[in-house]
Amino acid sequence: MPERDDIVVMKFGGTSVAGPEEIKRAARRMVAAREAGNSVVAVLSARGKTTDELVASAYEISDRPDPREMDMLLSTGERISCALAAMAINDMGHNAVSLTGSQAGIVTDSSHTKAKIIDVRADRIREGLEEDKIVLVAGFQGVSTDSRDVTTLGRGGSDTTAVALAAALGASVCEIYTDVTGVFSADPRIVPNARKLPVVSFEEMLDMASSGAGVLQLRSVEYARNYNIPIHCRSSFEDLPGTLVLPESETMERPIITAVTHSTDEARVTVIGVKDEPGIAGRIFAALAEANVNVDVIIQNEPVHEGALADLSFTVETGDVVPATDAIAGLGEICREVRTDEKIGKVSIVGAGMRTHPGVAAKVFEVLGEKAINIEMISTSSIRISCVIQADQVPEAVRSLHDAFDLGEDQILTEAPTGEHHQVAPS
Ligand code: ADP
Ligand code: ASP
Ligand code: MG
């Protein structure tokens, strides 16, 4: 490979490769980057709604699809995109080669449908680049060297493939091309006047992604932070600068509140009539961990009367309700009853300035109260406040909080280094 070549990793999401025109447009971007003197590695997602359709087809066959076979099925979507894009690039007079995650050397653990990347053995990618090819890698998938099976990385996992490759190949930036022009102060589908954020810190993006801002998969942000890889999240349809996700020290602006995020892909599991004695919660959550269920908000109330039974509630992703209830059932007589509620959602407010600015929680609760939105559970980190509410009230909650904290395009409240607060125009 010539010395002058900079390696660029470009990831295109589902909408950006949905049809033949989009695939050709993405291919033209890759070719342009190559012609500008870069070595190009592109990670592609499955086309449009392909992954949703594959998931639905599995549930048409089985209520509890086997996770190994689910991964065999889901991993096909991204292979299709890569093969088609390689054909488009070849027609443009450049050489391209498409690789599955396994061929590209993405090694994972063996937890099907939620695998973690544990190693990247990128020799085949490097060979392709040395042969002056644009290398296309199927996102969202890898191979477990333990089981020798194909795995997938969880929904949105192509972002993580891209960041992992950027880290392994020593790229200076990972470009994530998507259907919005960057990371916004709220999901632009819900809040039309949401503001595009020129820069977000890894720390804030982690809390945003973990609380529902699906524009970047949580794991990709963790990876980027751990390996110090800047992410440039931008539009695949317009040639505009997007959002840079960077270490905290490189972000100039310090807003008190950065964004309002939400999720409706949540369910509550309530374990009723648990004995109030040491070790029970440990057993329940160990069983959930064993079943690979991620638990989010947890609440347990101490029984008022001595000897009475306690209730324990926690939230999980909707797709984890069955494994979660199965795991608790597997513990035998540990409680009186397990109930589930899939009609819940979560709204969160994220901002690094929250640490030094008291009163944010009070304002969040007041705003929701004024809208008669009942808060059912609360959880916090040092820079995030999340409230579990009814799913159908989520859009109104997001819009009200976005307004109340002045996050719109027109104005944003930032914290001066002195600790004073003042209004500034957006950059
Ligand atoms: P891709 O298929 O390109 O990976 P995704 O659908 O995974 O795209 O992510 C992009 C979508 O994320 C946007 O269309 C937008 O609706 C949604 N989204 C949610 N929260 C945000 C946010 N804070 N900023 C930007 N987009 C967001
Ligand atoms: N196709 C997968 C999904 O829809 C992975 C991705 O798009 O990142 O979740
Ligand atoms: Mg995505």
Side-chain angles (χ1 to χ4, degrees), residues 10-18 22 26 42-56 70-71 73-82 101 106 113-115 137-142 151-164 174-198 200 204-221 231 233-237 242-243 245 257-265 317 319 346-351 394-395 398 401-402 407 409:
M10 313 169 92
K11 178 256 168 178
F12 293 87
T15 324
S16 310
V17 291
E22 287 81 8
V43 174
L44 304 191
S45 288
R47 304 171 78 193
K49 299 258 168 256
T50 303
T51 310
D52 291 339
E53 287 159 14
L54 291 170
V55 171
M70 195 68 162
D71 279 350
L73 179 70
L74 297 190
S75 58
T76 59
E78 341 302 277
R79 291 177 60 165
I80 296 173
S81 307
C82 286
I106 307 287
T113 76
K114 290 181 188 172
V137 177
F140 171 61
Q141 56 186 273
T151 53
T152 63
L153 308 179
R155 298 305 304 266
S158 298
D159 297 333
T160 304
T161 307
V163 176
C174 179
E175 300 203 307
I176 305 273
Y177 288 88
T178 183
D179 59 0
V180 278
T181 53
V183 178
F184 281 73
S185 55
D187 186 341
R189 283 188 220 182
I190 294 200
V191 182
N193 75 331
R195 170 180 179 258
K196 182 165 86 181
L197 307 167
V200 187
E204 286 173 316
M205 197 62 230
L206 281 173
D207 268 85
M208 285 177 69
S210 72
S211 58
V215 61
L216 293 175
Q217 197 202 31
L218 173 60
R219 198 96 28 83
S220 73
V221 188
I231 296 178
C233 177
R234 57 192 301 193
S235 167
S236 70
F237 301 101
T243 299
V245 188
I257 301 301
T258 302
V260 181
T261 56
H262 75 278
S263 158
T264 47
D265 180 28
E317 281 175 22
K346 193 173 66 180
V347 59
S348 306
I349 188 147
V350 177
V394 163
V398 174
L401 290 170
H402 196 267
L407 299 183
E409 226 166 3

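In listed order, ligands and their atoms are each counted from 1. Values below: every heavy atom of this structure, side chains too, minus hydrogens, waters and symmetry copies. Starting from 1, each residue takes its place in the sequence as its number.
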Residues in the immediate environment of ligand 2 (any heavy atom closer than 4.0 angstrom) = S45, A46, T51, E78, F140, R155, G156, G157, S158

Determine, stepwise, if the pair L206 / L218 fulfils side-chain contact (heavy atoms from CB on, under 4.5 Å).
-> CA-CA 6 Å; L206 281 173; L218 173 60; 3.8 Å; yes

From [options] - option closest to [atom] by heavy atom:
{"atom": "atom 25 (C) of ligand 1", "options": "A213, G182, A46", "value": "G182"}
{"atom": "atom 26 (N) of ligand 1", "options": "I190, L197, V215", "value": "V215"}
{"atom": "atom 6 (O) of ligand 1", "options": "K49, R189, M205, K196", "value": "R189"}
{"atom": "atom 5 (P) of ligand 1", "options": "G14, G13, G214", "value": "G214"}

State, without any angle test, whether T152 and D71 hold a side-chain donor-acceptor pair at a distance under 3.5 Å.
-> yes

Using a distance-only test with no angle check, is there a side-chain donor-acceptor pair under 3.5 angstrom linking D159 and S220?
-> no

Identity and separation of the nearest protein heavy atom to [atom]:
{"atom": "atom 10 (C) of ligand 1", "value": "D179 OD1, 3.4 Å"}
{"atom": "atom 24 (N) of ligand 1", "value": "F184 N, 2.9 Å"}
{"atom": "atom 15 (C) of ligand 1", "value": "D187 OD1, 3.4 Å"}
{"atom": "atom 4 (O) of ligand 1", "value": "K11 NZ, 3.0 Å"}

Which value, rounded to the nearest 0.5 Å, describes the distance between I176 atom CD1 and L216 atom CG?
-> 6.0 Å

Give the contacting part of A186 toward ligand 1: side chain, backbone, both or neither, where contact means a heavy-atom distance below 4.0 Å.
-> backbone

Near [X], which atoms of ligand 1 are under 4.0 Å from a heavy atom of that residue?
{"X": "V183", "value": "24 (N)"}
{"X": "P188", "value": "25 (C), 26 (N), 27 (C)"}
{"X": "T178", "value": "1 (P), 3 (O), 8 (O), 10 (C)"}

From V200, V215, V180, residue fulfilling side-chain contact (heavy atoms from CB on, under 4.5 Å) relative to T243 = V200

Applying side chain to side chain contact (heavy atoms under 4.5 Å, CB included) to R219 and not counting sequence neighbours gives K116, T160, Q217, E222

Side chain to side chain contact (heavy atoms under 4.5 Å, CB included) filter on S81, not counting sequence neighbours, yields V17, L44, R47

Show the numbers, then the answer: is there a side-chain contact (heavy atoms from CB on, under 4.5 Å) between K11 and S45?
-> CA-CA 8 Å; K11 178 256 168 178; S45 288; 3.6 Å; yes

E78 (side chain) donor-acceptor with A46 (main chain) under 3.5 angstrom | yes

Whether T161 side chain and F140 backbone form a donor-acceptor pair below 3.5 Å | yes

Does any non-hydrogen side-chain atom of V347 lie less than 4.5 Å from one of L401?
-> yes

Non-hydrogen atoms of A259 versus ligand 1: any pair closer than 4.0 Å?
-> no

Identify, with sequence neighbours excluded, every residue that meets salt bridge (Lys or Arg N to Asp or Glu O under 4.0 Å) alongside D52.
-> R155

